[in-house]
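Working notes, beginning with the structure itself.
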Amino acid sequence: MSSVPVKRTPGVERAVPVSARRSNRLQRRRILTGYAFVAPAVLLLLLIHVVPIAVAFYLSFTRYDLLNPPQLIGMRNYQMLLQDQTFLASLGRTAYFTLAQVPLGTLLALLAALLLNQRIWGRGPLRTMVYLPQASSYVVVALIWTFLYQPINGPINIGLKALGLSPVYWLTDYNLAMPSLVVMSIWRNLGYYMLIYLAALQAIPHELHEAAAIDGATAFGRFRYITVPLLAPATAFIVITWAIGAMQMFTQAYVMTGGGPVDATTTVVYRIYQAAFLFLQMGVASAMSVLLFVVVALLTLVGRRVLMREEGTQ
Amino acid sequence: MSLHRSMRFSRRAFLGTAATLAAAQVLAACASAPATNPPATTPATGNAQPAAPQSAQLQFMLLGPSNELLDAFNQKIIPAFNQKQPGVKIDLQTSDWGSAFQKITTAAAAGTLPDTLTVGGIWTAPLAGKGALRAIDEYTNKWPDKAQFYEGVWKDAQYKGQTYCVPYNSDTRTVVYRSDFFQDAGLDPAKPPTTWDEYKAAAAKLVKKDGGQVVREGANWGIDTSIGLQQAYAQILFQAGGTYYTPDGKPNFSSPEGLKALNWLVSFFKDGLSSVHFVNQPNAPSSLVAGTGAMTYANYGVITNAQSMNKEVVPKLKAALPLKMDASSKPVTSSWNNKYGIGKTTKAPDAGWAWVAHLTSAEWAALQLSIIGQMPARKDLANADFMKGRDPVFIEAANDVVPQPPNPEMLQIVQIINKALDAAIHLQATPEQTLKDIDAKVSEVINV
């Protein structure tokens, strides 16, 4: 280090050399420049995510019909919702839809990935076919499945009739309507999550399997003690993201069943749509949105903890 | 200062600045909640048919138009209007029906309501009650054409004694049936049912089952993913002499008449003459066209549905006059009519009225109706050229219309009714309980 004049400031025990101060200013400028570059994107994110959430939070404490100014009513919307059997039932149905779809869908995605990770004939076209529904919009898929599920002229029931079976009222039977939407949703989403599993499978080093095989491990043993643990991060990601998406189910109910029969497929987001856009009850809709947000946020936090714990044990 | 501390300081400052900006946006958003729409400042001149040229730019929102209808507007209707009113420019905007009500209310909230707009079936009271529509009695009271409209259809455009729009179509429901199914069942297609008892007796002969499952309903009730069931019930409630509200404005669904109507409706499902499993889907063949229903309550749309989905069925579809509860009652039905209205915030109400009057005049209403395949709201169009080949029963039924009572919360009320009726026809609630539930929930909504 060259000798430079040292400026001593009273009370400062360690004097900072001039060259070091210049270096810090340069660093600060570089940092500020970096932040300036990301600022537009961050501001946009804040505006389109944080601001609407904040406005919705505010509106949840109001009575607001879009055409008259919001009136603050305190916690009344929340009190009403937490006692409203219709809303609580929609929460239950949303939970049912999520719990029915996610574990089963995750398992099927894993099985599909395992199968399509093998060197089998037609692997490429098969992967494309499994992924293809993901390329269509949910509305298109919903319309197609509405036709498939038709009681008399739908292909599924025509096939059942050909086998000598009675038609099944997939969308109009109170007990079958939601499971029918679960099946359709799994079919639509399977390809995407299969792809994630495929990538994760291909990231597992072959040497681990080879070494295990040399040591006498069976195929199931290798799957149980090598593949599954190493797929844990992918599994956690799939479960969390699939669950978050499932909890916001709307399109299937709107297009295929209108929330029926007898509210059997009315989920929380469908109730939010009704309250906001049919009944012009923005305050109530906002309160429901906030409650849903809290549930989804909690789910995300729990999932992240599990994920971090799994990564830690790796 | 260490690099780490400088980074922390810079990040804190950056995040603080960003949060301040975001908070400012939040405050701006909360503070900019709209006040009640100011009344139009242009003084009303009350011209029924303004002959003097006006100068204005009118925004007009047309809902759900086909390409053919759009062409008709751009090539014929608007140019014809411009010949009468050369200073008035029409700015045509379109929207699909599905999101239209939300767009209109959002536009009203933002102060960007179109000057003139299409108003859907039960929207008059919700939009007028919330200050989105302008009352037009000053114009219609002096309008000679007013006498040409079917009375029941015209009342649908009114709220609290004031007129807010002018109907251009009559979506009147009446009995529609398959004549071929009638013949197969040994019924005379020239003698359709006229009373409740006859209707049910016919349904009993028309229903078809396979292994105990209904494969063809004797009577279809228009169940769909929207409010079709409520629309069917409205008619039979009125046929029974029931009303939505008592004279002092309280819900009246659980009246003896309401119960009679619902018991009759539910009996079709209990007795296996109708099925909850046949749900009409948009852009799909309706039940009569698909052959899964033998009779229904429908509008002329069932014919246009057959024309596009299954032309062979068209000659087999016949219409009959609305039902009466018994031989001593009157036939009654309801209708869901689309209309044209003037936005509350328009700065050119006279020009807006001139446009609405033009659209609903005999000549231009006829053109629109010939394209969209619906029935006229005007009596003088009952025998118009475009009506040739159409079953006149669809228009005769307009004489029996009892309008649905207007209410600003109508969109919520019909959802409440539809949902409750759904439970009743699924036999998950008794008719008595269903109607009590409707009364209770509607009371909450309308605060009585």
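Just so you know, these numbers use all the heavy atoms, side chains as well, and skip hydrogens, waters and symmetry mates. By convention in this document, chain letters (A, B, ...) are assigned in the order of the sequence lines, proteins followed by strands, and residues within each chain are numbered from 1.
- Nearest approach of A:F277 to B:F101, heavy atoms of both residues: O-CD2, 4.0 Å.
- Residues A:L280 and B:Q102 have side chains not in contact (no heavy-atom distance under 4.5 Å, counting atoms from C-beta outward).
- Of all the heavy atoms in B:H426 and A:T172, the pair that sits closest is NE2-O, 3.7 Å.
- Using a 4.5 Å cut-off between heavy atoms, B:V214 touches chain A through its backbone atoms (N, CA, C, O) alone.
- Here the side chains of A:F147 and B:Q281 are not in contact, with every heavy-atom distance at 4.5 Å or above.
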Inset, instruction - Step by step, work out the side chain to side chain contact (heavy atoms under 4.5 Å, CB included) result for A:W170 and B:H277. - result: CA-CA 9 Å; A:W170 303 103; B:H277 299 300; over 6 Å; no
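- Environment of OH in A:Y254: sparse, with no more than 12 heavy atoms of neighbouring residues, nucleotides or ligands closer than 6.0 Å.
- For a residue to count as touching a neighbouring chain, one of its non-hydrogen atoms must lie under 4.5 Å from one of that chain's; by this rule A:T257 touches chain B with the backbone only.
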Inset, instruction - Could you check A:Q274 against B:Q412 for side chain to side chain contact (heavy atoms under 4.5 Å, CB included), going step by step and ending with a plain yes or no? - result: CA-CA 9 Å; A:Q274 285 181 317; B:Q412 190 171 358; over 6 Å; no
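- The parts of B:T105 that come within reach of chain A are both its backbone and its side chain, each placing non-hydrogen atoms under 4.5 angstrom from that chain.
- Here the side chains of A:Y169 and B:Q213 are in contact, with some heavy-atom distance below 4.5 Å.
- B:Q428 and A:Y174 form no side-chain donor-acceptor contact under 3.5 Å, judged by distance and modelled atom types alone.
- Interface remark: B:N418 contributes no atoms to any contact with chain A (heavy atom separation under 4.5 Å).
- Nearest heavy-atom pair across A:I152 and B:F278 is CG1-CE2, 3.3 Å.
- With a 4.5 Å cut-off on non-hydrogen atoms, A:T86 touches chain B through its side chain but not through its backbone.
- Heavy-atom distances place both the backbone and the side chain of A:P261 under 4.5 Å from chain B.
- One distance of note links NZ of B:K130 with CG of A:D65; it measures 4.5 Å at 0.5 Å rounding.
- Within the 4.5 angstrom heavy-atom criterion, only side-chain atoms of A:Y273, from C-beta onward, approach chain B.
- Counting heavy-atom pairs closer than 4.5 Å to chain A, the top residue among B:D210, B:I223, B:T225 is B:T225.
- The closest side-chain heavy-atom distance from A:L66 to B:T106 is below 4.5 Å.
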